[in-house]
Undergrad: 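My questions all concern the structure below.
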Amino acid sequence: MVAVRERATRRRASGGAGDAAFHGLTIFFATLVLMILGGVIVSLIYGAWPALRKFGLGFIVNGAWNPVTENFGALAPIYGTIVTSLIAMLIGIPVAFGVALFITELCPKWLKRPLGTMIELLAAIPSIIYGIWGLFVLAPAIQEYIEPALIDTLGEIPGFGILFAGPPLGIGVLTAGFILAIMVLPFIASVMRDVFETVPPMLKESAYGLGATTTEVVTRVVLPYARVGVIGGVLLGLGRALGETMAVTFVIGNSHHVNASILQPGTTISAALANEFTEAVGDMYQASLIALGFILFIITFFVLAAAKLMLLRLQKNAG
Amino acid sequence: MQLYARRRLGNYVVVGLSLAATGFGLLFLVFVLGTLLANGVGALSPTLFTQATPPPGSAGGLMNAIFGSLVMTAIATLIGTPTGILAGTFLAEYAHNNKLGEFVRFINDILLSAPSIIIGLFVYAILVVPMGHFSAWAGSVALAIIMIPVIVRTTEDMLNLVPNALREAAAALGAPKWKVIVTVTYRSAVQGMLTGVLLAVARISGETAPLLFTALNNQFWSSNLDRPMANLPVVIFQFAMSPYADWQALAWAGALLITAAILVLNIGARFFASWSGLQK
């Protein structure tokens, strides 16, 4: 009797020790995730320090990029990053909305799964593939058909036409923005689809019962209900577009000039890093590139954090 | 009546636009895959797998790059899988309504979408600079860091799907918590967790940006993990941007190989998930 109880106690004690050890192990690896983020921040600041100290905040508005005189500024890459992402969002958001609307409201049930899978496969194709495709297929097509048309129509408008000035090169900001649009499309569409599906069917059915058309149900019931989530999805896509590297590097032309025309070559933060980092000679050159990386990290961090907070808020409302 | 007609017309327009948008999205999937097949199939040959990357103007293959990609992906998986699974276990089993858990979950979701080139810079700073040279180790670590958030996320989701009654039944039999997790919870979620690992492998097999600053590239055959190592994505980048036709053909072949591998992994993972009844 005593032996049995002793054995039970011993087993409980060993269970307790095993529990503590296992719990500790999982906590360790969970904090490793935090340490990665902390490490990223510290290493970026440390690496960028020489450039930050030399150029200060002026780094952000300095349009120069001259490795010979070691005068570096982030204006052109920041400008390119923002403009390409803006173009991507202008094209990507409406299309993603259409896709999500089709999948949740219009398509027959048997088509839902395969269609969702295909859109997700679009997201699985790595960015280098979009890059090589963009360079050899998309850029020539845009140069041949889209850019001349833009120059002849929108380019003729006084003032506004400056956006479409210059010769059609194929390689440039517009092509980069377009390829980004295709790349972020599946991310935004699948978040929107998931968000639309959180709308209680009862609400939608009531509206349909009152005689509302699909359009009216979506604009007056689904969208107001899912607004926060839709914004979250859009921000998630924006976060992707801002940091996307390889596809952009292939087609943007890599020129450190701020150019009003979206038909001309430009550069983005990530493209500048991918192109120049391993070839950067001199400490100041490398530090300036790392400083670019730090700026990119801060921008994407806040965009992604905002996206996450929006989606969390929706989850809380739904739960 | 007029109002009704107008509403119906408006609805047709929106439905039509929505259809067009879906067609637009699918068109590009077909377009990209079609171009890949058209350009890649012609460049496929057995020598791809038996010869190393050539200097411009002569014949060669991608053997060293394929080998490098496989090795670095394997090492990254070995590092990333246990890390991700244990961190995910913490979130699912120990961190309900727990500040640390919420914070880790938040940061993990940000890392999930963070630009991979930043991870490359990070590994460059912590491994390449101290070691003094580029190496396959650094490349593997960079890939592992990209993998971890994916696995954390799927592990947590999959463990949350396991019914609590199962855990309670095991606990009622006197099993300590760690034993419940390892022998009961893991066992019933194992297919889902493997799906997550497969998706993570698919995610890293095309990653280029983080390898540029870590593993770099190597024109020759090398199995030394302490040296720069060739890998498919960086070779594709370099060869596609070059003016040489035979290099470009090799880039297409490599692109086709990578895409085929990733699509197989993705579809395999999906099949696996639905087979185990744990579709998300």
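Keep in mind that the numbers below use all heavy atoms, side chains included, and drop hydrogens, waters and symmetry copies. Per chain, numbering begins at 1; letters A, B, ... match sequence-line order.
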Undergrad: Minimum heavy-atom separation for A:Leu135 to B:Ala240, with atom names?
TA: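 Closest approach of A:Leu135 to B:Ala240: CD2-O, 3.8 Å.
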Undergrad: For the pair A:Lys308 and B:Asp109, find out whether any cationic side-chain nitrogen is under 4.0 Å from an anionic carboxylate oxygen.
TA: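 Looking at B:Asp109 together with A:Lys308, the answer is yes, because their closest N to O distance falls below 4.0 Å.
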Undergrad: Need one label for B:Leu36: side chain, backbone, both or neither, based on atoms under 4.5 Å from any heavy atom in chain A.
TA: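 The answer is the side chain of B:Leu36.
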Undergrad: Which atoms of A:Leu115 are under 4.5 Å from chain B, going by heavy atoms: the side chain, the backbone, both sets, or neither?
TA: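 The answer is the side chain of A:Leu115.
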Undergrad: What part of B:Ala202 is in contact with chain A, defined as an atom under 4.5 angstrom from a non-hydrogen atom: side chain, backbone, both or neither?
TA: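 Interface part for B:Ala202: neither.
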Undergrad: Donor-acceptor pair, B:Asn11 side chain versus A:Thr213 backbone, under 3.5 Å?
TA: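 Not at all, since once roles are kept as given, no pair shorter than 3.5 Å links the two residues.
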Undergrad: In terms of heavy-atom proximity below 4.5 Å to chain B, should A:Thr219 be classed as side chain, backbone, both, or neither?
TA: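 The answer is neither part of A:Thr219.
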Undergrad: Rounded to the nearest 0.5 Å, how far apart are OG1 of A:Thr215 and CZ of B:Arg7?
TA: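 So the gap between those two atoms works out to 9.5 Å.
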Undergrad: Side chain, backbone, both or neither: which part of B:Leu100 has a non-hydrogen atom closer than 4.5 Å to chain A?
TA: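 Contact with chain A: side chain only.
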Undergrad: Can you say whether A:Leu273 sits under 4.5 Å from chain B via the side chain, the backbone, both, or neither, judging by heavy atoms?
TA: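 For A:Leu273, backbone and side chain are both near chain B.
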Undergrad: Can you tell me how far CZ of B:Phe213 sits from CG of A:Leu289, rounded to the nearest 0.5 angstrom?
TA: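 So the CG of A:Leu289 and the CZ of B:Phe213 are separated by 8.0 Å.
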Undergrad: Which atoms of B:Leu199 are under 4.5 Å from chain A, going by heavy atoms: the side chain, the backbone, both sets, or neither?
TA: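 B:Leu199 has no heavy atom closer than 4.5 Å to chain A.
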Undergrad: Would you mind checking which part of A:Ile129 comes under 4.5 Å of any heavy atom in chain B, side chain (CB onward), backbone (N, CA, C, O), both or neither?
TA: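 A:Ile129 touches chain B through side-chain heavy atoms alone.
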Undergrad: Which bit of B:Glu93 comes within less than 4.5 Å of chain A, counting heavy atoms only: side chain, backbone, both or neither?
TA: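 Contact with chain A involves no heavy atom of B:Glu93 at all.
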Undergrad: Do the side chain of B:Ser18 and the main chain of A:Gly98 share a donor and acceptor less than 3.5 angstrom apart?
TA: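 Present.
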Undergrad: When rounded to the nearest 0.5 angstrom, what is the spacing between OG1 in B:Thr208 and CD1 in A:Ile128?
TA: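 Between B:Thr208 OG1 and A:Ile128 CD1, I get 3.5 Å after rounding to 0.5 Å.
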Undergrad: Do A:Phe250 and B:Phe237 have ring centroids that are under 6.0 Å from one another?
TA: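 Yes; A:Phe250 has its ring centre under 6.0 Å from that of B:Phe237.
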